[in-house]
Student: 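Here you go, one structure.
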2 protein chains.
Amino acid sequence: MAAPSSVSAAPTASPLFLREHEVRRGVELLFFGYTRLTRAIDDGLAEHGLGRAHHRALYFIARQPDLTISELLKILAITKQSLGRVLTDLAEKALIETRTGVVDRRQKLLRLTAEGVRFEAQLFDALRTSLAAAYAAAGQESVTGFWRVLEGLIPAEDKAMVIALQKDI
Amino acid sequence: MAAPSSVSAAPTASPLFLREHEVRRGVELLFFGYTRLTRAIDDGLAEHGLGRAHHRALYFIARQPDLTISELLKILAITKQSLGRVLTDLAEKALIETRTGVVDRRQKLLRLTAEGVRFEAQLFDALRTSLAAAYAAAGQESVTGFWRVLEGLIPAEDKAMVIALQKDI
DNA sequence: GAAGATGGGGCAGCCATATTGACGTATCTA
DNA sequence: TAGATACGTCAATATGGCTGCCCCATCTTC
(Lines give C-alpha, C1' and ligand atoms only; values in the text may rest on other atoms or scores of the structure.)
Protein backbone atom coordinates (compact mmCIF):
# COMPACT_ATOMS: atom_id res chain seq x y z
CA MET A 1 0.00 0.00 0.00
CA ALA A 2 3.02 2.24 0.29
CA ALA A 3 3.26 4.51 -2.71
CA PRO A 4 6.49 3.96 -4.59
CA SER A 5 8.51 7.03 -5.34
CA SER A 6 7.49 8.76 -8.50
CA VAL A 7 8.73 11.42 -10.83
CA SER A 8 5.28 12.96 -10.92
CA ALA A 9 5.30 16.38 -9.33
CA ALA A 10 1.56 16.64 -8.81
CA PRO A 11 -0.04 13.21 -8.61
CA THR A 12 -3.62 14.35 -8.21
CA ALA A 13 -3.37 16.93 -10.96
CA SER A 14 -2.50 14.43 -13.69
CA PRO A 15 -4.48 11.35 -12.91
CA LEU A 16 -3.59 9.66 -16.15
CA PHE A 17 -0.03 9.33 -14.92
CA LEU A 18 -1.17 6.93 -12.26
CA ARG A 19 1.57 4.63 -11.27
CA GLU A 20 1.46 1.27 -12.95
CA HIS A 21 1.32 -0.43 -9.59
CA GLU A 22 -2.04 1.09 -8.74
CA VAL A 23 -3.55 0.10 -12.04
CA ARG A 24 -2.22 -3.47 -11.85
CA ARG A 25 -3.60 -3.79 -8.38
CA GLY A 26 -7.02 -2.77 -9.58
CA VAL A 27 -6.89 -5.15 -12.53
CA GLU A 28 -5.92 -8.06 -10.33
CA LEU A 29 -8.37 -7.39 -7.54
CA LEU A 30 -11.15 -7.00 -10.05
CA PHE A 31 -10.21 -10.29 -11.66
CA PHE A 32 -9.96 -12.25 -8.41
CA GLY A 33 -12.90 -10.55 -6.77
CA TYR A 34 -15.22 -11.08 -9.72
CA THR A 35 -14.25 -14.68 -10.33
CA ARG A 36 -14.46 -15.61 -6.67
CA LEU A 37 -17.85 -14.02 -6.26
CA THR A 38 -19.28 -15.81 -9.28
CA ARG A 39 -17.79 -19.07 -8.09
CA ALA A 40 -19.93 -18.77 -4.98
CA ILE A 41 -23.03 -19.80 -6.91
CA ASP A 42 -21.62 -22.45 -9.23
CA ASP A 43 -22.65 -25.31 -6.98
CA GLY A 44 -26.20 -24.07 -6.64
CA LEU A 45 -26.46 -23.71 -10.40
CA ALA A 46 -24.95 -27.10 -11.10
CA GLU A 47 -27.59 -28.78 -8.94
CA HIS A 48 -30.14 -27.64 -11.49
CA GLY A 49 -27.93 -28.32 -14.48
CA LEU A 50 -27.53 -24.64 -15.20
CA GLY A 51 -24.52 -22.43 -15.85
CA ARG A 52 -23.54 -18.86 -15.23
CA ALA A 53 -25.20 -17.62 -18.37
CA HIS A 54 -28.51 -18.85 -17.00
CA HIS A 55 -27.90 -17.08 -13.76
CA ARG A 56 -27.22 -13.77 -15.44
CA ALA A 57 -30.52 -13.91 -17.27
CA LEU A 58 -32.35 -15.10 -14.18
CA TYR A 59 -30.78 -12.34 -12.12
CA PHE A 60 -31.79 -9.49 -14.38
CA ILE A 61 -35.28 -10.83 -14.89
CA ALA A 62 -35.64 -10.99 -11.13
CA ARG A 63 -34.40 -7.46 -10.93
CA GLN A 64 -36.75 -6.03 -13.53
CA PRO A 65 -39.91 -8.09 -13.91
CA ASP A 66 -41.62 -7.69 -17.28
CA LEU A 67 -38.31 -6.98 -18.92
CA THR A 68 -38.46 -7.42 -22.69
CA ILE A 69 -36.10 -9.60 -24.70
CA SER A 70 -34.43 -6.64 -26.34
CA GLU A 71 -33.84 -4.91 -23.02
CA LEU A 72 -32.25 -8.04 -21.65
CA LEU A 73 -30.10 -8.31 -24.76
CA LYS A 74 -28.79 -4.81 -24.16
CA ILE A 75 -27.98 -5.59 -20.55
CA LEU A 76 -26.19 -8.84 -21.24
CA ALA A 77 -24.60 -7.67 -24.48
CA ILE A 78 -24.78 -11.07 -26.13
CA THR A 79 -26.51 -12.17 -29.32
CA LYS A 80 -30.14 -13.13 -29.71
CA GLN A 81 -29.06 -16.69 -30.49
CA SER A 82 -27.11 -17.08 -27.29
CA LEU A 83 -29.84 -15.60 -25.18
CA GLY A 84 -32.45 -17.72 -26.93
CA ARG A 85 -30.93 -20.95 -25.76
CA VAL A 86 -30.58 -19.70 -22.22
CA LEU A 87 -34.19 -18.58 -22.06
CA THR A 88 -35.40 -21.84 -23.57
CA ASP A 89 -33.58 -23.75 -20.84
CA LEU A 90 -35.02 -21.56 -18.12
CA ALA A 91 -38.52 -21.87 -19.51
CA GLU A 92 -38.22 -25.66 -19.78
CA LYS A 93 -37.27 -25.80 -16.16
CA ALA A 94 -40.27 -23.62 -15.38
CA LEU A 95 -38.14 -20.90 -13.83
CA ILE A 96 -39.36 -18.14 -16.13
CA GLU A 97 -42.53 -17.42 -18.07
CA THR A 98 -43.36 -14.94 -20.79
CA ARG A 99 -46.42 -12.90 -21.53
CA THR A 100 -47.34 -10.92 -24.57
CA GLY A 101 -46.67 -7.23 -24.19
CA VAL A 102 -49.67 -5.05 -23.49
CA VAL A 103 -48.64 -1.83 -25.13
CA ASP A 104 -46.82 -3.65 -27.94
CA ARG A 105 -47.98 -7.15 -28.72
CA ARG A 106 -44.72 -7.99 -30.49
CA GLN A 107 -42.87 -7.83 -27.21
CA LYS A 108 -42.54 -10.67 -24.75
CA LEU A 109 -42.42 -9.72 -21.13
CA LEU A 110 -40.18 -11.91 -19.02
CA ARG A 111 -40.97 -12.87 -15.44
CA LEU A 112 -39.83 -15.43 -12.94
CA THR A 113 -42.27 -18.13 -11.90
CA ALA A 114 -42.77 -18.76 -8.21
CA GLU A 115 -40.15 -21.49 -8.46
CA GLY A 116 -37.86 -19.08 -10.31
CA VAL A 117 -38.23 -16.54 -7.56
CA ARG A 118 -37.36 -19.16 -5.00
CA PHE A 119 -34.32 -20.35 -6.92
CA GLU A 120 -33.00 -16.88 -7.67
CA ALA A 121 -33.36 -15.96 -4.02
CA GLN A 122 -31.37 -19.01 -3.04
CA LEU A 123 -28.55 -18.08 -5.40
CA PHE A 124 -28.70 -14.48 -4.34
CA ASP A 125 -28.22 -15.59 -0.79
CA ALA A 126 -24.82 -17.00 -1.62
CA LEU A 127 -23.87 -13.75 -3.31
CA ARG A 128 -25.10 -11.76 -0.36
CA THR A 129 -23.11 -13.82 2.08
CA SER A 130 -19.89 -13.17 0.18
CA LEU A 131 -20.49 -9.52 -0.59
CA ALA A 132 -21.86 -8.67 2.82
CA ALA A 133 -18.77 -10.11 4.46
CA ALA A 134 -16.56 -8.03 2.20
CA TYR A 135 -18.63 -4.91 2.83
CA ALA A 136 -18.52 -5.46 6.57
CA ALA A 137 -14.78 -6.02 6.61
CA ALA A 138 -14.15 -2.91 4.53
CA GLY A 139 -16.63 -0.53 6.14
CA GLN A 140 -19.29 1.74 4.69
CA GLU A 141 -16.82 4.38 3.55
CA SER A 142 -15.01 1.82 1.47
CA VAL A 143 -18.21 0.49 0.01
CA THR A 144 -19.04 3.92 -1.30
CA GLY A 145 -15.64 4.15 -2.90
CA PHE A 146 -16.04 0.68 -4.35
CA TRP A 147 -19.27 1.76 -6.03
CA ARG A 148 -17.80 5.02 -7.29
CA VAL A 149 -14.85 3.43 -9.01
CA LEU A 150 -16.96 0.75 -10.63
CA GLU A 151 -19.41 3.32 -11.88
CA GLY A 152 -16.51 5.08 -13.52
CA LEU A 153 -15.69 1.93 -15.45
CA ILE A 154 -19.05 1.86 -17.16
CA PRO A 155 -19.00 3.68 -20.49
CA ALA A 156 -21.35 6.63 -20.83
CA GLU A 157 -23.61 4.83 -23.29
CA ASP A 158 -24.31 2.04 -20.78
CA LYS A 159 -24.66 4.16 -17.70
CA ALA A 160 -28.33 5.01 -18.13
CA MET A 161 -29.15 1.33 -18.33
CA VAL A 162 -27.37 0.52 -15.09
CA ILE A 163 -28.92 3.42 -13.26
CA ALA A 164 -32.36 2.42 -14.50
CA LEU A 165 -31.81 -1.00 -12.95
CA GLN A 166 -30.97 0.46 -9.60
CA LYS A 167 -33.78 2.90 -9.16
CA ASP A 168 -36.36 0.16 -8.74
CA ILE A 169 -35.54 -1.44 -5.44
CA MET B 1 -24.62 7.05 -2.99
CA ALA B 2 -26.22 8.41 0.16
CA ALA B 3 -26.71 5.73 2.76
CA PRO B 4 -30.41 4.98 3.00
CA SER B 5 -31.97 5.34 6.39
CA SER B 6 -31.99 2.16 8.36
CA VAL B 7 -33.86 0.60 11.24
CA SER B 8 -30.64 -0.90 12.47
CA ALA B 9 -29.56 0.61 15.75
CA ALA B 10 -25.93 -0.26 15.21
CA PRO B 11 -25.28 -0.69 11.49
CA THR B 12 -21.70 -1.72 11.83
CA ALA B 13 -22.51 -4.32 14.46
CA SER B 14 -24.75 -6.50 12.28
CA PRO B 15 -23.26 -6.30 8.85
CA LEU B 16 -25.03 -9.41 7.59
CA PHE B 17 -28.34 -7.58 7.66
CA LEU B 18 -27.25 -5.41 4.78
CA ARG B 19 -30.15 -4.36 2.71
CA GLU B 20 -30.69 -6.29 -0.46
CA HIS B 21 -30.38 -3.11 -2.48
CA GLU B 22 -26.79 -2.58 -1.47
CA VAL B 23 -25.83 -6.12 -2.32
CA ARG B 24 -27.57 -6.02 -5.70
CA ARG B 25 -25.85 -2.78 -6.49
CA GLY B 26 -22.48 -4.36 -5.80
CA VAL B 27 -23.27 -7.45 -7.86
CA GLU B 28 -24.34 -5.37 -10.82
CA LEU B 29 -21.52 -2.87 -10.71
CA LEU B 30 -19.04 -5.69 -10.42
CA PHE B 31 -20.57 -7.41 -13.42
CA PHE B 32 -20.69 -4.32 -15.61
CA GLY B 33 -17.36 -2.95 -14.43
CA TYR B 34 -15.52 -6.21 -14.96
CA THR B 35 -17.01 -6.98 -18.35
CA ARG B 36 -16.50 -3.45 -19.64
CA LEU B 37 -12.90 -3.36 -18.50
CA THR B 38 -12.07 -6.66 -20.16
CA ARG B 39 -13.83 -5.54 -23.32
CA ALA B 40 -11.30 -2.72 -23.58
CA ILE B 41 -8.62 -5.12 -24.79
CA ASP B 42 -10.64 -7.42 -27.02
CA ASP B 43 -9.73 -5.58 -30.18
CA GLY B 44 -6.02 -5.61 -29.42
CA LEU B 45 -6.20 -9.33 -28.75
CA ALA B 46 -8.21 -10.09 -31.86
CA GLU B 47 -5.56 -8.42 -34.01
CA HIS B 48 -3.20 -11.19 -32.94
CA GLY B 49 -5.82 -13.90 -33.09
CA LEU B 50 -5.82 -14.30 -29.32
CA GLY B 51 -8.57 -14.37 -26.72
CA ARG B 52 -8.99 -13.36 -23.13
CA ALA B 53 -7.57 -16.59 -21.83
CA HIS B 54 -4.31 -15.75 -23.56
CA HIS B 55 -4.29 -12.33 -22.05
CA ARG B 56 -4.73 -13.63 -18.54
CA ALA B 57 -1.71 -15.88 -18.90
CA LEU B 58 0.30 -13.15 -20.58
CA TYR B 59 -0.64 -10.70 -17.87
CA PHE B 60 0.47 -12.83 -14.95
CA ILE B 61 3.67 -13.89 -16.65
CA ALA B 62 4.44 -10.23 -17.21
CA ARG B 63 3.73 -9.58 -13.59
CA GLN B 64 5.93 -12.35 -12.23
CA PRO B 65 8.71 -13.28 -14.61
CA ASP B 66 10.07 -16.80 -14.08
CA LEU B 67 6.71 -17.95 -12.83
CA THR B 68 6.36 -21.72 -12.93
CA ILE B 69 3.52 -23.60 -14.59
CA SER B 70 2.07 -24.77 -11.30
CA GLU B 71 2.12 -21.28 -9.84
CA LEU B 72 0.29 -19.97 -12.88
CA LEU B 73 -2.21 -22.82 -12.58
CA LYS B 74 -2.97 -21.76 -9.03
CA ILE B 75 -3.47 -18.15 -10.05
CA LEU B 76 -5.76 -18.88 -12.96
CA ALA B 77 -7.53 -21.79 -11.30
CA ILE B 78 -8.01 -23.73 -14.53
CA THR B 79 -6.80 -27.18 -15.53
CA LYS B 80 -3.40 -28.09 -16.88
CA GLN B 81 -4.98 -29.02 -20.18
CA SER B 82 -6.63 -25.65 -20.64
CA LEU B 83 -3.52 -23.76 -19.71
CA GLY B 84 -1.43 -25.97 -21.95
CA ARG B 85 -3.30 -24.91 -25.05
CA VAL B 86 -3.01 -21.26 -24.14
CA LEU B 87 0.71 -21.45 -23.49
CA THR B 88 1.30 -23.36 -26.72
CA ASP B 89 -0.41 -20.58 -28.65
CA LEU B 90 1.60 -17.90 -26.91
CA ALA B 91 4.86 -19.75 -27.51
CA GLU B 92 4.03 -20.29 -31.19
CA LYS B 93 3.49 -16.57 -31.57
CA ALA B 94 6.83 -16.02 -29.84
CA LEU B 95 5.28 -14.00 -27.04
CA ILE B 96 6.59 -16.21 -24.25
CA GLU B 97 9.58 -18.47 -23.73
CA THR B 98 10.43 -21.08 -21.11
CA ARG B 99 13.63 -22.01 -19.39
CA THR B 100 14.45 -24.97 -17.22
CA GLY B 101 14.32 -24.21 -13.53
CA VAL B 102 17.62 -23.74 -11.79
CA VAL B 103 16.82 -24.99 -8.32
CA ASP B 104 14.50 -27.69 -9.67
CA ARG B 105 15.13 -28.85 -13.20
CA ARG B 106 11.60 -30.26 -13.50
CA GLN B 107 10.16 -26.78 -13.43
CA LYS B 108 9.75 -24.54 -16.42
CA LEU B 109 10.17 -20.85 -15.82
CA LEU B 110 7.91 -18.68 -17.91
CA ARG B 111 8.95 -15.32 -19.30
CA LEU B 112 7.79 -12.89 -21.94
CA THR B 113 9.94 -12.41 -25.00
CA ALA B 114 10.79 -8.87 -26.05
CA GLU B 115 7.82 -9.00 -28.39
CA GLY B 116 5.67 -10.35 -25.57
CA VAL B 117 6.68 -7.46 -23.37
CA ARG B 118 5.78 -5.03 -26.09
CA PHE B 119 2.40 -6.64 -26.70
CA GLU B 120 1.48 -6.94 -23.05
CA ALA B 121 2.38 -3.31 -22.53
CA GLN B 122 0.13 -2.32 -25.39
CA LEU B 123 -2.81 -4.22 -23.89
CA PHE B 124 -2.05 -2.90 -20.46
CA ASP B 125 -2.24 0.58 -21.83
CA ALA B 126 -5.88 0.09 -22.75
CA LEU B 127 -6.58 -1.20 -19.25
CA ARG B 128 -4.76 1.71 -17.72
CA THR B 129 -6.70 4.22 -19.74
CA SER B 130 -10.01 2.80 -18.53
CA LEU B 131 -9.03 2.24 -14.93
CA ALA B 132 -7.17 5.51 -14.57
CA ALA B 133 -10.20 7.42 -15.78
CA ALA B 134 -12.39 5.63 -13.24
CA TYR B 135 -9.84 6.23 -10.47
CA ALA B 136 -9.56 9.89 -11.36
CA ALA B 137 -13.31 10.40 -11.44
CA ALA B 138 -13.77 8.65 -8.11
CA GLY B 139 -10.84 10.10 -6.21
CA GLN B 140 -8.08 8.51 -4.18
CA GLU B 141 -10.29 7.89 -1.14
CA SER B 142 -12.67 5.88 -3.25
CA VAL B 143 -9.88 3.90 -4.82
CA THR B 144 -8.76 2.75 -1.41
CA GLY B 145 -12.28 1.65 -0.61
CA PHE B 146 -12.52 -0.10 -3.96
CA TRP B 147 -9.41 -2.12 -3.12
CA ARG B 148 -10.59 -2.93 0.38
CA VAL B 149 -13.92 -4.35 -0.67
CA LEU B 150 -12.38 -6.44 -3.43
CA GLU B 151 -9.77 -7.80 -1.05
CA GLY B 152 -12.59 -8.90 1.18
CA LEU B 153 -14.05 -10.94 -1.66
CA ILE B 154 -10.95 -13.08 -1.96
CA PRO B 155 -11.14 -16.23 0.16
CA ALA B 156 -8.48 -16.60 2.83
CA GLU B 157 -6.76 -19.47 1.02
CA ASP B 158 -6.16 -17.30 -2.06
CA LYS B 159 -5.18 -14.13 -0.31
CA ALA B 160 -1.51 -14.95 0.14
CA MET B 161 -1.19 -15.55 -3.58
CA VAL B 162 -2.68 -12.18 -4.48
CA ILE B 163 -0.56 -10.35 -1.97
CA ALA B 164 2.55 -12.10 -3.24
CA LEU B 165 1.77 -10.77 -6.70
CA GLN B 166 1.53 -7.23 -5.46
CA LYS B 167 4.66 -6.94 -3.43
CA ASP B 168 6.89 -7.10 -6.49
CA ILE B 169 6.28 -3.89 -8.35
C1' DG C 1 20.29 -47.05 -5.11
C1' DA C 2 15.32 -47.91 -5.18
C1' DA C 3 10.57 -46.13 -4.29
C1' DG C 4 7.57 -42.75 -4.37
C1' DA C 5 6.20 -37.93 -4.91
C1' DT C 6 6.15 -33.97 -7.80
C1' DG C 7 6.38 -30.90 -12.11
C1' DG C 8 5.22 -30.97 -16.50
C1' DG C 9 3.28 -32.74 -21.14
C1' DG C 10 -0.14 -34.95 -23.85
C1' DC C 11 -4.24 -37.88 -25.88
C1' DA C 12 -9.29 -38.37 -26.50
C1' DG C 13 -13.59 -36.75 -25.90
C1' DC C 14 -17.01 -33.70 -24.03
C1' DC C 15 -19.61 -29.41 -22.58
C1' DA C 16 -20.99 -24.49 -22.11
C1' DT C 17 -21.18 -20.33 -24.13
C1' DA C 18 -20.40 -17.37 -27.37
C1' DT C 19 -20.24 -15.89 -32.52
C1' DT C 20 -22.05 -14.82 -37.70
C1' DG C 21 -25.39 -14.49 -41.38
C1' DA C 22 -29.63 -15.37 -43.24
C1' DC C 23 -34.45 -15.82 -43.14
C1' DG C 24 -39.52 -15.93 -41.38
C1' DT C 25 -43.54 -14.05 -38.98
C1' DA C 26 -46.27 -10.98 -36.31
C1' DT C 27 -47.08 -6.43 -35.25
C1' DC C 28 -46.59 -1.51 -35.08
C1' DT C 29 -46.03 3.10 -37.34
C1' DA C 30 -46.04 6.45 -40.90
C1' DT D 1 -49.97 -0.21 -47.81
C1' DA D 2 -44.83 -0.03 -47.02
C1' DG D 3 -41.37 -0.35 -44.08
C1' DA D 4 -39.45 -0.83 -39.55
C1' DT D 5 -39.25 -3.42 -35.38
C1' DA D 6 -39.52 -7.50 -31.97
C1' DC D 7 -38.82 -12.01 -31.73
C1' DG D 8 -37.66 -16.81 -33.24
C1' DT D 9 -34.79 -19.99 -35.59
C1' DC D 10 -31.71 -22.37 -39.03
C1' DA D 11 -26.73 -23.90 -39.70
C1' DA D 12 -22.06 -23.57 -38.96
C1' DT D 13 -18.14 -22.21 -36.12
C1' DA D 14 -14.93 -20.64 -32.27
C1' DT D 15 -13.30 -20.37 -27.59
C1' DG D 16 -12.28 -21.92 -23.36
C1' DG D 17 -13.31 -24.69 -20.10
C1' DC D 18 -13.72 -29.88 -18.24
C1' DT D 19 -12.60 -35.25 -17.12
C1' DG D 20 -9.91 -39.42 -17.15
C1' DC D 21 -5.90 -41.52 -18.24
C1' DC D 22 -1.06 -42.13 -19.12
C1' DC D 23 3.78 -40.66 -19.88
C1' DC D 24 8.56 -38.92 -18.64
C1' DA D 25 12.03 -36.43 -15.95
C1' DT D 26 13.52 -35.13 -11.71
C1' DC D 27 13.67 -34.61 -6.81
C1' DT D 28 13.30 -36.58 -2.11
C1' DT D 29 13.41 -39.99 1.20
C1' DC D 30 14.46 -44.20 3.09
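When reading the values below, keep in mind they use all heavy atoms of this one structure, side chains included, and skip hydrogens, waters and symmetry mates. All chains are named by letter (A, B, ...) in the order of the sequence lines, taking the proteins before the strands, and each is independently numbered beginning at 1. Since this is a predicted model, take the numbers as computed values, not measurements.
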Student: Contact list please: residues 33-56 of chain B against DNA chain D, heavy atoms, distance less than 4.0 Å, in numerical order.
Tutor: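 Within residues 33-56 of chain B, the residues near DNA chain D are B/G51, B/R52, B/A53, B/H54, B/R56.
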Student: Mind checking if A/S82 touches a base, just sugar-phosphate, or nothing, with heavy atoms under 4.0 Å?
Tutor: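 Answer is base: heavy atoms of A/S82 come under 4.0 Å of a base.
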Student: What distance do B/T79 atom OG1 and B/L73 atom CG have between them, rounded to the nearest 0.5 Å?
Tutor: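 One finds 8.0 Å between OG1 of B/T79 and CG of B/L73.
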Student: Could you check how far CD1 of B/I78 sits from P of C/dT17, rounded to whole Å?
Tutor: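 After rounding, the reported distance stands at 17 Å.
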Student: If you only use heavy atoms from C-beta on, which nucleotide in C/dG7, D/dG8, C/dG9 is closest to the side chain of A/I69?
Tutor: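 Closest nucleotide to the A/I69 side chain: D/dG8.
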Student: Can you tell me the distance, in whole Å, between the CZ atom of B/R85 and the P atom of D/dG17?
Tutor: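 So the two atoms are 8 Å apart, to the nearest Å.
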Student: Any side-chain to backbone donor/acceptor pair from A/S82 onto A/I78? Under 3.5 Å, distance only.
Tutor: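 Flag not set: sc A/S82 to bb A/I78 has no pair under 3.5 Å.
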Student: Which letter, B, S or -, goes with each nucleotide of nucleotides 22-30 of chain D from 5' to 3', with contact meaning a protein heavy atom under 4.0 Å?
Tutor: ---BBS---
Student: Identify, with sequence neighbours excluded, every residue that meets ring-ring contact (aromatic ring centres under 6.0 Å, His included) alongside A/F31.
Tutor: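 Once residues adjacent in sequence are excluded, the partners of A/F31 under the ring-ring contact (aromatic ring centres under 6.0 Å, His included) criterion are B/F60.
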Student: Taking transitive links into account, so neighbours of neighbours count too, which hydrophobic residues share a cluster with B/V102 at under 4.5 Å side-chain distance?
Tutor: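 Answer for B/V102: B/V103.
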Student: What pairs of donor and acceptor atoms, side-chain ones from residues 93-101 of chain A against any protein atom, are under 3.5 angstrom apart with sequence neighbours left out?
Tutor:
unit_1	atom_1	unit_2	atom_2	d
A/K93	NZ	A/H48	O	3.3
A/R99	NH2	A/D66	OD1	3.4

Student: Give me the ring orientation class for B/F146 and B/Y135: parallel if the planes are under 30° apart, tilted from 30 to 60°, perpendicular past 60°.
Tutor: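 It falls in the perpendicular class, over 60°.
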Student: Please answer: with hydrophobic residues joined when any side-chain heavy atoms are less than 4.5 Å apart, are A/I69 and A/L109 in the same cluster?
Tutor: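 Unlinked, A/I69 and A/L109 end up in two clusters.
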Student: Listed by chain and number, what are the side chain to side chain donor-acceptor pair (under 3.5 Å) partners of A/R56, not counting sequence neighbours?
Tutor: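 If we apply the side chain to side chain donor-acceptor pair (under 3.5 Å) test to A/R56, skipping adjacent residues, there are no hits.
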Student: Between B/T79 and D/dC18, is there a side-chain N or O to OP1/OP2 distance below 4.0 Å?
Tutor: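 Checking D/dC18 against B/T79, a side-chain N or O does come within under 4.0 Å of OP1 or OP2.
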Student: How many Å lie between CZ on B/R99 and C1' on C/dG7, as a whole number?
Tutor: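 Computing the B/R99:CZ to C/dG7:C1' distance gives 18 Å.
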Student: What are the two closest heavy atoms between A/G33 and B/I154, and how far apart are they?
Tutor: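 A/G33 and B/I154 have their closest heavy atoms at N-CG1, 4.5 Å.
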Student: In this structure, how many angstroms lie between the P atom of D/dG16 and the CG atom of B/L87, rounded?
Tutor: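 That distance rounds to 13 Å.
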Student: Atom CG of A/L76 and atom C1' of C/dT19: how far apart are they, to the nearest Å?
Tutor: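 Atom-to-atom, A/L76 to C/dT19, this comes out as 15 Å.
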Student: Whole angstrom is fine here: how far is it from CG in A/L73 over to P in C/dT20?
Tutor: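 These atoms are roughly 13 Å apart.
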Student: Mind calculating the distance between CD1 (A/I96) and P (D/dC7) to the nearest angstrom?
Tutor: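 Answer to the nearest Å: 13 Å.
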Student: Within less than 4.0 Å of OP1 or OP2 of D/dA6, is there a side-chain N or O belonging to A/T68?
Tutor: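 So the side-chain polar atoms of A/T68 never come under 4.0 Å of the phosphate oxygens OP1 or OP2 of D/dA6.
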Student: Could you check how far CG of A/L83 sits from C1' of C/dT17, rounded to whole Å?
Tutor: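 Nearest whole value for this atom pair: 12 Å.
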